[in-house]
Trainee: 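Quick one: this structure, given as structure tokens, is what I'll be asking you about.
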Protein chains: 2
Amino acid sequence: MIGRYMKSTYKDVKSDLLSKITKGEWAPGDLIPNEVELATTYGCARATVNRAMRELADDGIIERRRKAGTRVRMTPVRQARFDISVVRDEITEKGGDYRYSLVSRTVDVAPDWLRARLQLPVDAKALHLVCMHYSDGVPYEHEDRWINLTALPDAADADFSNECPTEWLLATIPFSKAEINLSAELADQKLCDYLACSVGDPVFSVERSTWWEGDAVTYVRLSYRPGYRLTTRY
Amino acid sequence: MIGRYMKSTYKDVKSDLLSKITKGEWAPGDLIPNEVELATTYGCARATVNRAMRELADDGIIERRRKAGTRVRMTPVRQARFDISVVRDEITEKGGDYRYSLVSRTVDVAPDWLRARLQLPVDAKALHLVCMHYSDGVPYEHEDRWINLTALPDAADADFSNECPTEWLLATIPFSKAEINLSAELADQKLCDYLACSVGDPVFSVERSTWWEGDAVTYVRLSYRPGYRLTTRY
DNA sequence: TAGTGGTCTAGACCACAGG
DNA sequence: CTGTGGTCTAGACCACTAT
């Protein structure tokens with residue numbers, strides 16, 4: 001047991017505080033002793049307690065306010081994290097054999113719904129790509145992507161027949177802002193042909209709009225083979 | 001511009017490093033100067049640089065290894081965080097009027113699939129609850145929940161006719177481990193009756209298994225009204 | 001205004017892993 | 001063995017905000 005005057009690391013402090021909370025010693029809404037008190041309790045510097053509590057706050061376990069002190073959150077752990085990985089990695093990590101295929105590539109004036117979605121000017125040109133990703137030869141993910149050629153003219157010259165646009169984009173604009181939407185959709189005939197499923201099958205769908213340096217860069221809709229699940233733990 | 005010998009906060013350092021990365025000054029795989037160098041560059045203490053870089057590492061932007069130094073990650077492992085909130089909050093935050101209703105409540109021997117899923121002993125008793133959540137009187141979410149009575153005998157005495165089991169559980173075992181699965185499903189006749197939709201509609205489904213102090217506590221399957229979307233940004 | 005968390009510092013020692 | 005990040009300290013000042 002960790003008691004008074006025992007030197008503690010920030011991890012010790014963090015896990016001890018957490019166990020006091022999980023065990024119900026401090027209930028939701030309760031006020032936790034302040035940093036100076038805890039520092040004496042745990043026999044460490046205030047900065048050490050601060051780091052432990054800051055991380056608990058980041059994790060959504062506690063709420064901190066100057067002067068008011070630190071309280072256990074009323075509604076705990078509100079966030080689940082999902083890794084947004086590249087399809088290739090997702091498949092190979094599961095031990096599958098990854099294959100990519102470009103279905104079509106056209107340059108068009110951005111359709112109205114896309115212009116609205118990405119706030120593009122009238123007549124904005126966009127590169128429209130349709131691709132498939134296979135795991136062990138079995139359809140895994142259908143990718144329907146639009147790239148804003150005004151913001152990313154280089155995309156017009158890129159060869160997407162061997163490289164998947166996601167990976168090209170990551171190499172080109174590695175760190176961007178994005179908005180993600182998860183939903184359940186129905187497979188239409190066209191999608192079924194690609195995913196080798198039946199019309200009316202439920203399809204897990206991910207939509208992602210991406211901005212870079214304030215400009216809308218790309219919109220993608222990923223449709224997964226029936227049975228796909230996104231999993232996480234906390 | 002932030003230059004040499006200007007006092008910087010960890011946020012200054014973090015955002016300057018990040019912009020060097022997003023602007024391509026440092027490409028994926030590149031080695032970043034070490035903490036001591038950056039501290040002189042930014043005119044701050046090493047601890048300040050350390051915090052900035054630690055946060056960038058937590059965010060999946062850079063990779064740090066002792067002796068080897070810090071590099072920009074090859075594949076930015078972006079993590080999307082989704083708010084797993086209580087339905088009541090989710091609905092009221094959108095300005096809806098929340099209503100809860102208990103559909104059924106039975107105590108049963110845990111069915112085989114549940115025992116397998118939660119690793120329960122044979123003959124484990126479970127409380128089976130079916131509930132509905134409405135927004136402005138319109139079906140919003142269907143909740144099908146099992147609570148392990150061996151781990152949580154108190155649940156047998158709880159009154160779920162007015163309090164939703166999620167909220168009761170949060171108050172009882174606030175901080176627990178969970179496994180979450182997101183998927184797309186088809187609505188069957190029974191679900192349709194509850195959600196007021198049509199058989200064959202795609203339904204966004206969340207399954208969550210929860211553990212507390214090593215024991216499986218509850219399994220829940222949430223089915224959302226057609227059209228539901230889970231959204232996040234990064 | 002006073003109490004609390006937020007941050008910075010200058011220095012120290014340690015842990016790990018590359019060469 | 002040595003360079004790097006990981007962590008801790010004791011003290012300081014600042015920034016909020018409840019009262």
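Chain identifiers are assigned alphabetically (A, B, ...) following the order of the sequence lines, protein sequences preceding nucleic acid strands; residue numbering begins at 1 within each chain.
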Trainee: Return the value, rounded to whole Å, for the distance between atom CE of A:M53 and atom P of C:dT7.
Mentor: 14 Å

Trainee: Checking B:Y42 against B:D12 for the side-chain hydrogen bond (donor to acceptor under 3.5 Å, both in side chains) test, could you report, in this order, the C-alpha distance in whole Å, the side-chain angles of both residues, the deciding distance, and whether it holds?
Mentor: CA-CA 9 Å; B:Y42 290 110; B:D12 294 334; over 6 Å; no

Trainee: With DNA chain D as reference, determine whether A:R66 or A:R51 sits nearer its 5' end, using the nearest nucleotide of each.
Mentor: A:R51

Trainee: Taking the side chain of B:A68 as its heavy atoms from C-beta onward, which of D:dC13, D:dG5, C:dG18 lies nearest to it?
Mentor: C:dG18

Trainee: Of the nucleotides D:dC8, D:dT9, C:dT9, which has the atom closest to the B:C44 side chain?
Mentor: C:dT9

Trainee: Looking only at heavy atoms, which two atoms of B:V13 and B:C44 are closest? And how far apart?
Mentor: CG2-SG, 4.3 Å

Trainee: Testing the basics here: between B:E143 and B:C164, what is the closest heavy-atom pair and its distance to 0.1 Å?
Mentor: OE1-SG, 4.4 Å

Trainee: Could you tell me the separation between the NZ atom of B:K14 and the P atom of C:dC8, rounded to a whole number of Å?
Mentor: 12 Å

Trainee: How far apart are the closest heavy atoms of B:A216 and B:L120, and which atoms are they?
Mentor: CB-CD2, 4.2 Å

Trainee: With a 4.0 Å limit, can you tell me whether A:R65 has a side-chain N or O closer than that to the phosphate oxygens OP1/OP2 of C:dG5?
Mentor: no

Trainee: In whole Å, I'd like the distance from the CG atom of A:N50 to the P atom of D:dA10.
Mentor: 15 Å

Trainee: Rounded to the nearest Å, what distance is computed from the CZ atom of residue B:R54 to the C1' atom of nucleotide D:dT4?
Mentor: 16 Å

Trainee: Could you check how far CG of A:N34 sits from C1' of C:dT4, rounded to whole Å?
Mentor: 7 Å

Trainee: As a test of reading the structure: which of C:dT9, C:dT7, D:dG3 is closest to the side chain of B:A45, going by heavy atoms?
Mentor: C:dT9

Trainee: Closest approach to the side chain of A:Y10, judged atom by atom: which nucleotide of D:dA12, D:dT9, D:dC8 is it?
Mentor: D:dC8

Trainee: Measure the distance from CD on B:E35 to C1' on C:dC14 and round it to the nearest whole Å.
Mentor: 14 Å

Trainee: Which sits closer to the 5' end of DNA chain C, A:R64 or A:K67, going by the nucleotide each is nearest to?
Mentor: A:K67

Trainee: Could you state the CD-P distance from A:E55 to D:dC8, rounded to the nearest angstrom?
Mentor: 10 Å

Trainee: Examine D:dG5: is either OP1 or OP2 under 4.0 Å from a nitrogen or oxygen in the side chain of B:T70? Give yes or no.
Mentor: yes

Trainee: What nucleotide, of D:dG6, C:dG18, C:dT9, holds the atom closest to the side chain of B:T48?
Mentor: C:dT9

Trainee: Mind calculating the distance between CZ (A:R71) and C1' (C:dG3) to the nearest angstrom?
Mentor: 14 Å

Trainee: For A:A155 versus A:I147, what's the shortest heavy-atom pair and its separation?
Mentor: CB-CG2, 3.8 Å

